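Just below is one structure, and these are the notes that go with it.
Just follow the structure's listing: the first ligand is 1, and inside any ligand the first atom is 1. Note that the structure is a prediction, hence the values are computed from the model and not measured.
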Amino acid sequence: MKIIIIGATGTIGRAVVDLLAPDHDIVKVGFSGGDFQVNLAAKDSIRKLFKDVGKFDAIISAAGLAKFGSLDSLEDEDYLLGLTNKLMGQVNLVRVGLNHINDNGSFTLTSGVLSQNPMPGSASISMVNAGIEGFVRAAALEIQRNIRVNVVSPIWVEETLKALGMDGVEGMPAEQVAFAYKESVEGQRSGEVLDVRNFV
Ligand SMILES: NC(=O)c1ccc[n+]([C@@H]2O[C@H](COP(=O)([O-])OP(=O)(O)OC[C@H]3O[C@@H](n4cnc5c(N)ncnc54)[C@H](OP(=O)(O)O)[C@@H]3O)[C@@H](O)[C@H]2O)c1
């Protein structure tokens with residue numbers, strides 16, 4: 001399969017590339033790195049990416065920005081970051097990508113554990129993650145041509161916790177997180193939220 005991976009240069013994206021590359025033709029996309037670049041927050045940039053890359057069989061998004069911060073510190077623009085980048089950026093990958101994806105193809109987006117298990121400071125991120133999950137469940141009911149759409153919900157990644165100076169032991173190594181993305185692309189599921197803990 002020809003698989004576009006958005007966020008291919010990131011912590012999760014790199015592990016997904018490593019897992020899928022032996023069996024598939026991978027197009028690596030980053031914001032500044034990768035074979036191609038895209039800005040999720042700009043629909044024109046998404047349109048250009050699909051025009052440049054051409055037809056494909058699957059797209060994985062392991063990207064998306066949203067702001068962590070306490071309820072009384074989050075400003076309008078902090079909420080807007082998550083809404084325009086992580087939420088509508090990934091929604092637009094599906095909306096625009098439908099014009100370029102082959103029959104029987106698949107979309108795999110990324111949310112995160114904070115939609116189901118919030119913590120103080122996660123109001124904006126929890127809202128965005130839940131929005132992505134709601135979109136995927138509903139979009140799957142309408143998408144034609146046997147095209148599937150799922151969302152992977154990672155827990156904290158071990159490498160990310162370590163990079164933040166925290167104990168990584170509570171996290172999952174990125175190479176294990178990648179299994180849920182593989183299942184979404186190579187399996188037959190659609191309209192599902194794939195909790196990474198179920199695929200290791
Ligand atoms: N890591 C975790 O613990 C964790 C847990 C739960 C959910 N998640 C979610 O998983 C996703 C990936 O996380 P990560 O930790 O792997 O991220 P990361 O290491 O920070 O990597 C981010 C990736 O996204 C790209 N990117 C940055 N801004 C972009 C933009 N505006 N448009 C398109 N691409 C952009 C980066 O490209 P460049 O390298 O070229 O800048 C990079 O490839 C995010 O949605 C995150 O919320 C992560």
Side-chain angles (χ1 to χ4, degrees), residues 4-19 26-50 52-53 59-69 78 80-94 96-97 107-119 121-133 135-136 150-181 184 193-197 199-200:
I4 302 173
I5 301 185
I6 314 281
T9 54
T11 309
I12 294 175
R14 279 195 307 268
V16 176
V17 170
D18 289 346
L19 185 63
I26 305 293
V27 179
K28 291 185 253 180
V29 180
F31 180 65
S32 54
D35 308 324
F36 293 87
Q37 289 74 45
V38 73
N39 180 6
L40 276 182
K43 203 171 173 190
D44 280 348
S45 173
I46 293 174
R47 285 196 190 98
K48 182 175 186 316
L49 174 73
F50 287 126
D52 291 347
V53 172
I59 183 163
I60 292 170
S61 168
L65 302 175
K67 176 91 173 179
F68 193 86
D78 298 326
L80 214 52
L81 173 72
L83 292 172
T84 55
N85 194 305
K86 186 165 181 176
L87 177 56
M88 282 313 297
Q90 295 193 90
V91 167
N92 284 333
L93 286 178
V94 177
V96 181
F107 295 90
T108 303
L109 310 183
T110 296
S111 59
V113 67
L114 294 173
S115 62
Q116 302 298 327
N117 301 106
M119 61 190 284
S122 78
S124 174
I125 300 180
S126 294
M127 174 187 75
V128 162
N129 287 346
I132 299 161
E133 293 173 4
F135 170 78
V136 161
N150 294 300
V151 54
V152 170
S153 177
I155 61 168
W156 283 102
V157 175
E158 182 180 316
E159 292 89 331
T160 302
L161 290 175
K162 284 183 178 163
L164 292 170
M166 296 156 77
D167 186 357
V169 75
E170 293 291 315
M172 180 182 286
E175 67 176 14
Q176 291 183 12
V177 171
F179 292 135
Y181 291 88
S184 176
V193 179
L194 279 67
D195 183 322
V196 294
R197 292 168 289 198
F199 299 94
V200 290

Sub-4.0 Å heavy-atom approach of S111 to ligand 1
yes
Looking at W156, which atoms of ligand 1 are within less than 4.0 Å of one of its heavy atoms?
3 (O)
Side-chain (S126) to main-chain (S122) donor-acceptor, under 3.5 angstrom
yes
Tested for side-chain contact (heavy atoms from CB on, under 4.5 Å) against L93, the lone hit among I59, I4, T108 is I59
Compare every heavy atom of G89 with every heavy atom of I46, then report the nearest pair and how far apart it is.
CD1-O, 3.6 Å
Would you say F31 and ligand 1 have an N/O pair spaced under 3.5 Å apart?
yes
Closest non-hydrogen protein atom to atom 48 (C) of ligand 1, residue and atom name please, with distance?
I12 CD1, 3.8 Å
Any protein heavy atom at under 4.0 Å, with atom 20 (O) of ligand 1 as the reference point?
no
Protein contact of atom 5 (C) of ligand 1 - nearest heavy atom, named by residue and atom, plus distance:
I155 O, 3.4 Å
Check whether S115 reaches the backbone of N129 with its side chain - one donor and one acceptor, N or O, closer than 3.5 Å.
no
Closest approach of Q116 and E133, non-hydrogen atoms and distance?
NE2-OE1, 3.2 Å
N39, T110, N85: member with heavy atom nearest to atom 10 (O) of ligand 1:
T110
Ligand 1 to G30, heavy atom cutoff 4.0 Å, flagged ligand atoms 37 (O), 40 (O)
Nearest-contact summary for atom 12 (C) of ligand 1 - protein heavy atom, Å:
A62 O, 3.3 Å
Polar-atom distance check: G33 versus ligand 1, any N or O pair below 3.5 Å?
yes
For K28, does its backbone N or O pair with a side-chain atom of D35 as donor and acceptor, under 3.5 Å?
yes
Close N or O approach (L40, ligand 1; < 3.5 Å):
yes
Closest by any non-hydrogen atom to atom 42 (C) of ligand 1: pick that one out of V38, I5, T9.
T9
What atoms of ligand 1 come closer than 4.0 angstrom to any heavy atom of K86?
9 (C), 45 (O), 46 (C), 47 (O)
Got a sec, which pairs hit salt bridge (Lys or Arg N to Asp or Glu O under 4.0 Å) with one end in residues 153-162, sequence neighbours left out?
E158-K162
Can you name the side-chain hydrogen bond (donor to acceptor under 3.5 Å, both in side chains) partners of S153, sequence neighbours left out?
none
Return a yes/no value for A63: is any of its N or O atoms, backbone included, closer than 3.5 angstrom to an N or O of ligand 1?
yes
Tell me: protein heavy atom nearest atom 6 (C) of ligand 1, and distance?
P154 O, 3.5 Å
Would a distance-only check, ignoring hydrogens and angles, find a side-chain to backbone donor-acceptor pair under 3.5 Å from N85 to L81?
no
Which of the atoms of ligand 1 are close to S32, meaning less than 4.0 Å from one of its heavy atoms?
38 (P), 40 (O), 41 (O)
Between T110 (side chain) and S61 (backbone), is there a donor-acceptor pair under 3.5 Å?
yes
So which heavy atom in the protein is nearest atom 23 (C) of ligand 1, and how far is it from that ligand atom?
G7 CA, 3.7 Å
Heavy-atom closest pair (A8 atom, V17 atom, distance to 0.1 Å) is CB-CG2, 3.9 Å
Considering non-hydrogen atoms of the protein only, which is the closest contact for atom 3 (O) of ligand 1, and what is the distance?
V157 N, 2.9 Å
Among L49, T160, L164, V128, closest by heavy atom to atom 1 (N) of ligand 1 is T160
List the closest protein heavy-atom neighbour of atom 22 (C) of ligand 1: residue, atom name, distance to the nearest 0.1 Å.
G10 CA, 4.2 Å
Got I5 and I26 here, is their nearest side-chain heavy-atom distance under 4.5 Å?
yes
Would you say V91 and I132 make side-chain contact, with heavy atoms under 4.5 Å?
no
Atom 44 (C) of ligand 1 has as its nearest protein heavy atom G64 O, 3.6 Å
